[in-house]
Amino acid sequence: MSSSMRNKVQRKFKMRGYSLKVEALTEILSFVSHFPDAQDDALNLLLDDLQSQSLKSSILDKEAVCGVTSLLLEADMAANHHDPTSSKSELRIIDAFDFPKFHYDPIKKSFLRHDGIPLIHGEPSAKATLYRDRFLLLFQRLSRDPHFARPAFDSEYSRSGTCEITTIQSLVGRTGKSWILGVISQLEDGHFYLEDLTAAVEIDLSSAISFLPSCVHPPCSSDNADSCFLFPVLETYLNVITTGFFSENTIVLAEGEMLLDGMFKVNTCGFPPLEDRDKSIELFAGVDFFGCALTKDQTLKFQELESGAVNDMFVILSDVWLDSEEVLMINLFPVEKTMGKLETVLDGYEDVEVVPSLFVFMGNFCSHPCNLAFNSFSNLRLQFGKLGQMIGAHRRLKEHSRFLFIPGPDDPGPSTVLPRCALPNYVTEELKKHIPNAIFRSNPCRIKFYTQEIVFFRQDLLYRMRRSCLMPPTTEETNDPFEHLVATITHQSHLCPLPLTVQPIIWNYDHCLHLYPTPHTIVLGDRSESKAFNYTGITCFNPGSFSNDCTFVAYRPCTREVELSSL
């Protein structure tokens, strides 16, 4: 690169207030060299993108520059080198332990990024921080909802048109109906409490129901005129939130009154209302919750590319037992072993005109839990090697598709806590010999497909949520358990809102399970029946158990079309 270009780069960056280290300058010159006919435009685009980033210093090093240049080069390659017979696309797979961590500051009313790498073994205070962060995440969302926001001007109409949230500490000596936001906790055996950041109060759930308007609104009279004004406002909201599983650790909105014995009698309860994804992103512009931020120019460019990616397809299989060698007997009929069924699926997609962009294999990869009593790790390693040979025998799939492996709850690993790290190298290195570009990530993990955000989570969650439920879910809107599950995790903005005694979570990495802002798609790998459900614009589906039910999913992210498939 000529000295004139070097001087031009330094001059342009200095005009924008940046100083360059030697490694950063070398990286920028390398980036500009990819655009011999448009070097000035490339340099200006790089500067614009850098200015939209949250940089720690005006002195740029190689790491700060590489993050932006790599995105721009990938976008250029996707735009200029598209092969209609290939499924290569803009796809970024993010491991849970690489997710950025934020906490909400209620004073500054903004999210602050955690500096450094969180410790796996946190201090005792980290457990309290886990609950505090979950509560504040939903509280800041609720505070913007017009039905629960405190009015700016005090008037009779504004008092009757909103439901102001009361802190638990303020319930002492208060009469009449109150709305509180709190975490359901069992502080004593058999006694449930609602906790917020101020205090805790014991609750009576014996007559509680899940937000049914007919139970909230008394008949109109001169004595309850405020309730009559409130009816249309509440009805709009309450008719939306009537589904979900209410268990310990979930955060709920409860309406009730304080009794003389100090107990809060709950009449109705439900989850905090959702917030539109676009509104969340607009309010906190520049905050990279997902772990893969895009600039405004990149977003516009990727949106255009995404609209043309109609041939991209993901094939998702869960519960892939590689050690299932025998022919299974299901309902007295013989069913082919898992490896044979896998080969049937691969054969089918090898012959299609455009092969799938991505194959996602979710655990468990063994029919028996890989615990201390498990002594067949060498056999599992061998089975992964056989799978690698099988994939390698399909030339088009090996060349044009990607293969992602996500561990299940009973797969090999240091423990059963969430998030789970990727499968260990000892088990997977035989497969890597045949498929060098195979990708092994944590559970959960995230995928950025152009501008779309997709979350993958493998956990037998439905059974556990139903077992932990404190009251029967309402059937007012649906009696489908999967739809109740989807409503629960989306309103809680958390993939696993179970008690830590039921499902342990690494305290410092609870943010890996957050769902805020709401992603475009959530894939819940579960042993239950294969299902798909679109909830408030969020596409959610469960591919089912491939080894037991021979079910899987073909998903087209461009149109968000879910095809429930089976052999």
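Source: prediction; values computed, not measured.
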Heavy atoms, side chains only, cut-off 4.5 Å: are S566 and D549 in contact?
-> no

For F290, which residues count as a ring pair (Phe, Tyr, Trp, His ring centres under 6.0 Å) partner, sequence neighbours excluded?
-> none

Any side-chain heavy atom of V562 sitting closer than 4.5 Å to one from V553?
-> yes

Evaluate the side-chain proximity of Q140 to P106: yes if any heavy-atom separation is below 4.5 Å, no if none is.
-> no

Could you pull out the closest heavy-atom pair between F365 and I406, with the gap in Å?
-> CE1-O, 3.5 Å

Output all residues satisfying ring pair (Phe, Tyr, Trp, His ring centres under 6.0 Å) with F457, sequence neighbours left out; order by chain, then residue number.
-> none

What about F111 and F289, are their ring centers closer than 6.0 Å?
-> yes

Side chains of T521 and Y555: is there a donor and an acceptor less than 3.5 Å apart?
-> yes

State plainly whether the residues R556 and E563 are in salt-bridge range, i.e. N to O under 4.0 Å.
-> no

How are the rings of Y104 and F284 set relative to one another: parallel (under 30°), tilted (30 to 60°) or perpendicular (over 60°)?
-> perpendicular

Any salt bridge between R446 and E453, counting N to O under 4.0 Å?
-> no

Give a yes or no answer on whether the side chain of N437 reaches the backbone of R402 with a donor-acceptor pair at less than 3.5 Å.
-> no

Run the salt-bridge test on K531 and D480 with the 4.0 Å N-O cut-off and return the result as yes or no.
-> yes

Nearest 0.5 Å, what's the CG-NZ distance between L283 and K109?
-> 12.0 Å

Would you confirm whether the ring centroid of H103 sits within less than 6.0 angstrom of the ring centroid of H114?
-> no

N364 side chain to V320 backbone, donor-acceptor under 3.5 Å = no

Carboxylate-amine/guanidinium proximity below 4.0 Å for D319 and R458 = yes

Determine whether the side chains of H491 and Y535 contain a donor N or O and an acceptor N or O closer than 3.5 Å.
-> yes

Which pairs with one or both residues in residues 461-471 pass side-chain hydrogen bond (donor to acceptor under 3.5 Å, both in side chains), sequence neighbours excluded?
-> R464-Q503

